[in-house]
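It should be emphasised that the depicted structure is a prediction, and the values quoted were computed from it without experimental measurement. What you see below is based on every heavy atom in this structure, not just the backbone, and it leaves out hydrogens, waters and symmetry mates.
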Amino acid sequence: MKLIEVTTAAHRREFLQMAVRLYQKEPNWIRPLDKDIEGIFDPNVNKLFKSGGKAIRWLLVDNSGKTIGRNAAFVNPKWKEKQPTGGMGFFDCIEDQSAAFMLFDAAKEWLQAQGMEAMDGPVNFGERDKWWGLLVDGFSPPNYNMPWNFTYYKAFFEAYGFQVYFKQFTYMRSVRGVGFDPKMIERSKVILADPDFEFRYLKGQELWDRFPEYFMTVYNKAWAKHMGKSITEREAKLMLSKMKPIIDPYLIYFGFYKGEPISFFINIPEINQLFKHVNGKLDLLGKLKFLWNKIFNPPDKMLGLVFGVVPEFQGKGVESAMILSYREFLDIKKLKYLTIEMNWIGDFNPKMMRVCEQLLAEIYKTHHTYRYLFDRDRPFERHPIFG
């Protein structure tokens, strides 16, 4: 076996095609868009490179020259950990532990040379909402930008010495025919009876004009300290523009108190139900296939991206009121979605896990984010719990 660093256009194509061949008989695998994967490793696309980030990729070939594995490693300058920690991701391999360990060793040795003391994997060279975690339970088709892998990968990671840093739960519930926790209903009544509170979607031009401001306000109060960074109104506007081709205005819901935004529930149609038809390519033919299916074979699943309530209104029933208000809104609009998945919630976030449980949602998929400490005598610590 031999490792080859990805340095040429042919190598980059093989990095994509290796996965296509590996999963070609797996009906639950959905090929990611080529541009989404390549963009992660393109300094012109991924801004982390300009901030000092580094990335490397490998192919693993057997003695006949056939590609049997791939892997990547990266240093994200924005990560703030107790010890310098790098990332390992985009790992795929045939069912051969010696091949897997060779790929893991390559990532470890490269990260050690960069001054790292640990590696997390499999993770993304970017935000946690994409390509993060190893699927260990619930091997149904993946949601957009979520990883799918064979069941035997888990044994590779744990035999090598990776330990679970945190678990990622994807919760699912039917849109209709499922009730809510009675305590949740009771908490919501007080809020819904107060005329100072309002829960609604953003109508018409308000979505494009005011969403960035509303989203930034709530996100920076509710999430910034946990995610390690706040966002600007410009960044929120850019996020909205990227969502525009797939956005359904009825899936974006805000809560207001005396006219000021205090909560949000951001959903999108689960677009992997569309992208599975384009074979990884959004060329002209791929775009036509996407549009045809969007019109005539639209997604029947909603994907919950992010849910937030500003701290001063947390634990007072606002979460419950917004969700019950939204459930009534779905009935009024007679939307055709059958299920909703909340993707993903870390086991370090018990508040959001409780919200899902009160929704009577069930854990549908589980991913693991692993950590490997290079100093094997150093005590291992799990991800801190959100307070």
Side-chain angles (χ1 to χ4, degrees), residues 129 169 171-173 175-176 178-203 206-207 210-227 230-231 233 236 239-240 248-268 302-333 335 337 340-362 385-387:
D129 62 337
F169 299 125
Y171 285 83
M172 186 271 286
R173 63 162 277 154
V175 172
R176 295 172 182 83
V178 178
F180 296 94
D181 186 298
K183 295 179 181 178
M184 182 178 178
I185 296 173
E186 285 301 312
R187 282 196 299 273
S188 72
K189 287 180 179 178
V190 176
I191 300 295
L192 292 173
D194 187 336
D196 286 334
F197 289 95
E198 181 185 20
F199 302 96
R200 61 180 175 83
Y201 79 105
L202 306 184
K203 300 176 182 178
E206 183 188 20
L207 173 63
R210 304 302 300 276
F211 172 93
E213 172 197 345
Y214 295 161
F215 182 84
M216 177 194 70
T217 299
V218 178
Y219 180 93
N220 285 347
K221 291 181 179 180
W223 277 105
K225 73 173 184 177
H226 297 309
M227 301 308 289
S230 58
I231 66 167
E233 190 170 333
M239 181 186 78
L240 182 66
D248 182 342
Y250 295 144
L251 302 188
I252 296 177
Y253 213 60
F254 276 85
F256 300 86
Y257 180 71
K258 294 183 178 180
E260 295 297 317
I262 60 167
S263 62
F264 57 53
F265 188 24
I266 311 296
N267 310 282
I268 58 171
M302 300 159 50
L303 184 63
L305 293 183
V306 62
F307 179 102
V309 179
V310 301
E312 55 264 42
F313 286 97
Q314 291 175 5
K316 297 181 179 180
V318 170
E319 298 95 332
S320 303
M322 182 167 63
I323 290 167
L324 266 68
S325 171
Y326 187 64
R327 175 66 180 80
E328 183 179 350
F329 170 75
L330 290 178
D331 279 344
I332 293 170
K333 291 296 182 182
L335 300 184
Y337 300 98
I340 179 170
E341 291 187 14
M342 282 66 83
N343 189 44
W344 53 265
I345 297 168
D347 64 356
F348 51 79
N349 192 352
K351 288 183 179 178
M352 277 308 304
M353 290 175 64
R354 282 196 293 272
V355 169
C356 291
E357 291 162 2
Q358 290 164 357
L359 286 168
L360 304 185
E362 298 179 347
I385 301 296
F386 281 4

Practice task
Compare all side-chain heavy atoms of F180 with those of R173 and state whether any distance is below 4.5 angstrom.
Solution key: yes
Handout entry: pair E319-S263: side-chain heavy atoms closer than 4.5 Å
Key = no
Problem - Centroid-centroid under 6.0 Å between F265 and F199 rings - result: no
Handout entry: Residue pair Q358 / I323, side-chain heavy-atom distance below 4.5 Å
Key = no
Practice task
Mind checking the OG1-CD1 spacing from T217 to I262? Nearest 0.5 Å is all I need.
Solution key: 12.0 Å
Practice task
Go through the steps to decide whether I266 and F211 satisfy the test side-chain contact (heavy atoms from CB on, under 4.5 Å), and finish with yes or no.
Solution key: CA-CA 11 Å; I266 311 296; F211 172 93; 3.8 Å; yes
Practice task
Using the side-chain contact (heavy atoms from CB on, under 4.5 Å) rule, take M184 and L324 through it: C-alpha gap first, then chi angles, then the decisive distance, then the call.
Solution key: CA-CA 9 Å; M184 182 178 178; L324 266 68; 3.8 Å; yes
Practice task
Look only at the side chain of R354 and the backbone of N349, and say whether a donor-acceptor pair between them is shorter than 3.5 Å.
Solution key: no
Handout entry: Separation of K258 NZ from D196 CG (nearest 0.5 Å)
Key = 5.0 Å
Fill in the blank from the handout: Output for pair (I340 CD1, L330 CG), nearest 0.5 Å, gives 8.0 Å
Exercise for the section: For V318 and I191, work out which heavy atoms get closest and say how close. Expected result: N-CG1, 4.1 Å
Handout entry: Atom of S320, atom of S188 and distance for their closest heavy-atom approach
Key = C-CB, 3.7 Å
Practice task
Spell out, as yes or no, whether a donor-acceptor pair under 3.5 Å connects the side chain of D181 to the backbone of L360.
Solution key: no
Practice task
State plainly whether the residues E186 and K189 are in salt-bridge range, i.e. N to O under 4.0 Å.
Solution key: yes
Practice task
Search all heavy atoms of M352 against all heavy atoms of I345 and return the closest pair with its distance.
Solution key: CB-CG2, 3.9 Å
Problem - salt_bridge(E206, R200) N-O dist < 4.0 Å - result: yes
Exercise for the section: List the atom of E233, the atom of M216, and the distance in Å for their closest heavy-atom pair. Expected result: N-SD, 3.2 Å
Exercise for the section: Taking the six-membered ring for Trp and the single ring otherwise, decide whether the centroids of Y257 and F197 are under 6.0 Å apart. Expected result: yes
Exercise for the section: May I ask you to check whether over 12 heavy atoms, not counting those of E213, lie within 6.0 Å of atom CD? Expected result: yes
Handout entry: Y201, Y214, F307 screened by ring-ring contact (aromatic ring centres under 6.0 Å, His included) with F254, the one that passes
Key = Y214
Completion exercise
Between the CD atom in E357 and the CD atom in E362, the distance rounded to the nearest 0.5 Å is 11.0 Å
Problem - Minimal non-hydrogen separation, L240 against P212, with atom names - result: CD2-CD, 4.4 Å
Practice task
Could you tell me whether the side chain of R327 and the main chain of V175 form a donor-acceptor pair under 3.5 Å?
Solution key: yes
Problem - Value rounded to 0.5 Å, distance of CG in L305 from CD1 in I268 - result: 4.5 Å
Handout entry: Check: Y337 main-chain N/O paired with R176 side-chain donor or acceptor under 3.5 Å
Key = yes
Handout entry: Heavy atoms from other residues, nucleotides or ligands near CD of E328 exceed 12 (cutoff 6.0 Å)
Key = no
Exercise for the section: Test side-chain contact (heavy atoms from CB on, under 4.5 Å) on C356 and F169 and set out the steps. Expected result: CA-CA 10 Å; C356 291; F169 299 125; over 6 Å; no
Exercise for the section: Could you give me the CA-CA distance, side-chain angles and deciding distance for L251 and Y326, then say whether side-chain contact (heavy atoms from CB on, under 4.5 Å) is met? Expected result: CA-CA 9 Å; L251 302 188; Y326 187 64; 3.3 Å; yes
Problem - F264 ring center near F215 ring center (under 6.0 Å) - result: yes
Exercise for the section: Measure the spacing between CD of E341 and CG of N267 and express it to the nearest 0.5 Å. Expected result: 12.0 Å
